[in-house]
Amino acid sequence: MRKLLLLLPLAVAAACASAASAPSGYTPSGSEKASDSAPAQGSGIEPGTLTAGAWDDNLNFDFYLSYLQSVEAESREGIPLASRADRMIIEVADGTGAPLAGAQVEVVQAGQSLLKTLTGADGRALFFPSWEGAIAGDVTVSASAAGQRTEVQAKVGDASAKLALQGQSAPRVNAVDVTLVIDSTGSMGDEMAYLTTELSAIATSLGSRFPGLDQRWGLVFYRDEGDAFLVEHKDFQPATKAAEELSKRTADGGGDYEEVPDLGLQRASELTWRSGSVARMVFHVADAPAHAQNVGRLLQSVKALRAKGVHVYPVAASGVDEKTEYAMRSEAQLTGGRYLFLTDDSGVGGEHKEPTLPCYFVTKLNSAIDRMIQMELTGTYSEPKPEEVLRTGGDPKDGRCTLSDGRVVVAL
């Protein structure tokens with residue numbers, strides 16, 4: 001099956017789908033076929049070709065809980081189940097009330113540490129009591145930065161906990177650690193060639209938009225059981241070095257639909273992420289879920305990334321099914337990231353699944369990625385400019401749409 005040439009400013013499309021459980025139209029050949037149209041090194045298509053939408057499940061949490069219930073009611077095998085209805089948003093501010101990035105947050109109950117993580121540029125961290133093993137009752141929520149510490153008491157079931165470090169002043173976030181988690185099975189030749197030619201240009205563009213931005217790039221490559229390797233990586237390095245490493249990589253292996261994103265994300269959590277006032281992001285591009293027996297490991301990998309304060313941004317390519325969408329949205333929601341999905345508007349590649357969403361904006365993919373990075377660096381919501389919107393899914397009015405039950409959701 002020929003995979004689309006996925007043009008991402010920060011990542012590439014994931015492996016092709018396969019096997020009996022795969023979406024219709026896939027024909028495996030023992031090893032996934034590499035694309036017949038993979039571009040030569042140094043070639044590719046122009047940025048701004050592909051189109052995408054984006055969605056924030058934490059911003060639309062009630063709707064998200066309804067979505068989870070509807071999928072889980074179908075008893076789909078191999079979805080990563082995690083209790084999250086009792087989500088607590090932990091908000092940390094400085095002495096002026098401004099969001100404090102890079103604060104160390106901890107939640108303790110009965111002497112047991114349930115969560116340790118770092119706040120993002122919005123000063124927030126997420127705690128899921130049932131998922132973390134909390135029981136009904138009180139928890140102690142603390143925040144620390146630059147040698148100062150404060151704590152508050154909260155109860156399991158509270159929607160939020162707010163803390164202020166009076167002696168601190170919120171620093172500007174002007175550093176970013178980005179890891180590309182890439183499926184490098186046989187269908188990925190064209191995507192990897194594109195990344196090789198474009199990564200340095202992407203970093204240059206980021207530097208132009210955010211002068212003085214301190215960038216580091218990590219790489220994780222994963223395949224599947226029985227391939228030449230399961231997971232390989234390169235730790236954080238300058239963009240030029242990352243592009244050089246990509247140029248040495250080839251795509252091979254695979255053969256069934258499911259892959260090992262669980263191991264790819266686990267390896268990403270083990271890289272040398274910086275603490276403090278840094279935007280920490282994983283772009284995980286995929287169109288296939290983990291093997292059913294490995295979904296527990298996938299959730300542990302998500303926890304490990306969240307412990308480092310890393311926000312996961314999955315990008316759904318062609319071939320995604322409902323189970324894969326559920327898993328990818330879980331990666332984003334549990335870590336405080338956002339879900340991105342390609343659309344058919346570009347006319348490029350195979351058919352893209354219509355996401356289970358009430359409304360959304362379709363923009364050029366590079367515009368969507370630019371907004372995601374901006375939000376990670378500034379901690380503030382950024383809606384698309386009117387001239388960037390190619391069409392809408394559903395019927396959002398002033399960036400919102402009303403559901404049949406009267407609830408209002410925000411289109412990202």
Side-chain ([X]) to main-chain ([Y]) donor-acceptor, under 3.5 angstrom:
| X | Y | answer |
| --- | --- | --- |
| Asp94 | Leu100 | no |
| Trp217 | Leu180 | no |
| Asn60 | Val410 | yes |
| Glu232 | Val220 | no |
| Gln215 | Leu206 | no |
| Arg84 | Ala82 | yes |
| Lys353 | Val320 | no |
| Ser382 | Met375 | no |
| Ser277 | Gly102 | no |
| Asp86 | Ser130 | yes |

Test side-chain hydrogen bond (donor to acceptor under 3.5 Å, both in side chains) on Gln109 and Thr140 and set out the steps.
-> CA-CA 6 Å; Gln109 185 178 61; Thr140 300; over 6 Å; no

Is the CG atom of Asp405 crowded by more than 12 outside heavy atoms at less than 6.0 Å?
-> yes

Other residues, nucleotides, ligands: >12 heavy atoms within 6.0 Å of Glu387 CD = yes

Quick check: closest heavy atoms across [X] and [Y], and the distance to 0.1 Å?
| X | Y | result |
| --- | --- | --- |
| Ala242 | Leu219 | O-CD1, 3.5 Å |
| Ala327 | Leu298 | CB-CD2, 4.5 Å |
| Trp131 | Ser83 | CB-O, 3.4 Å |
| Gly276 | Leu118 | N-CD1, 4.4 Å |
| Arg371 | Pro384 | NH1-CD, 3.5 Å |
| Val231 | Gly264 | CG2-N, 4.1 Å |

Roughly how far apart are [X] [atom1] and [Y] [atom2], rounded to 0.5 Å?
| X | Y | atom1 | atom2 | answer |
| --- | --- | --- | --- | --- |
| Leu114 | Gln112 | CG | CD | 5.0 Å |
| Glu322 | Ile79 | CD | CD1 | 9.5 Å |
| Leu126 | Arg306 | CG | CZ | 7.5 Å |
| Gln300 | Gln266 | CD | CD | 9.5 Å |
| Leu230 | Glu225 | CG | CD | 5.0 Å |
| Leu412 | Phe361 | CG | CZ | 9.0 Å |

Does any part of the side chain of [Y], heavy atoms only, come nearer than 4.5 Å to the side chain of [X], both counted from C-beta?
| X | Y | result |
| --- | --- | --- |
| Leu81 | Tyr326 | yes |
| Val141 | Phe127 | no |
| Val107 | Ser142 | no |
| Thr335 | Val310 | no |
| Glu331 | Val302 | yes |
| Val156 | Ile135 | no |
| Thr119 | Arg124 | no |
| Leu115 | Met88 | no |

Which is it for Arg216 and Asp235 under the side chain to side chain contact (heavy atoms under 4.5 Å, CB included) test, yes or no, and what are the steps along the way?
-> CA-CA 9 Å; Arg216 301 195 312 165; Asp235 211 338; 5.9 Å; no

Looking at Trp55, Phe283, Phe341, Tyr339, which hits ring pair (Phe, Tyr, Trp, His ring centres under 6.0 Å) with Tyr313?
-> Phe283

Could you walk me through whether Ile89 and Arg87 pass side chain to side chain contact (heavy atoms under 4.5 Å, CB included), step by step?
-> CA-CA 7 Å; Ile89 300 175; Arg87 179 197 67 175; 3.6 Å; yes

Between the side chains of [Y] and [X], is the shortest nitrogen-to-carboxylate-oxygen separation below 4.0 Å, so that they form an ion pair?
| X | Y | answer |
| --- | --- | --- |
| Asp177 | Arg280 | no |
| Glu245 | Lys241 | no |
| Lys323 | Asp321 | no |

Could you go through the side chain to side chain contact (heavy atoms under 4.5 Å, CB included) check for Arg149 and Gln104 one step at a time?
-> CA-CA 9 Å; Arg149 182 182 181 278; Gln104 176 73 55; over 6 Å; no

Working for side chain to side chain contact (heavy atoms under 4.5 Å, CB included), residues Thr179 and Trp273 | CA-CA 10 Å; Thr179 294; Trp273 297 92; 3.4 Å; yes

side-chain hydrogen bond (donor to acceptor under 3.5 Å, both in side chains) between Tyr222 and Arg267, intermediate numbers included = CA-CA 9 Å; Tyr222 69 85; Arg267 183 66 58 86; over 6 Å; no

Provide the full list of side chain to side chain donor-acceptor pair (under 3.5 Å) pairs with a residue in residues 157-176, sequence neighbours left out, each pair given once.
-> Gln148-Gln168

Mutual orientation of the aromatic rings belonging to Phe61 and Tyr64 [parallel < 30°, tilted 30-60°, perpendicular > 60°] | tilted

Identify, with sequence neighbours excluded, every residue that meets ring-ring contact (aromatic ring centres under 6.0 Å, His included) alongside Phe210.
-> none

Test Cys401 against every option in Leu357, Thr392, Val409, Asp395 by the side-chain contact (heavy atoms from CB on, under 4.5 Å) rule and name the one that passes.
-> Val409

Any pair with a residue in residues 51-73 that passes salt bridge (charged side-chain N to carboxylate O under 4.0 Å, His left out), sequence neighbours left out, goes on the list, sorted by first then second residue, please.
-> Asp56-Arg338, Asp57-Arg329

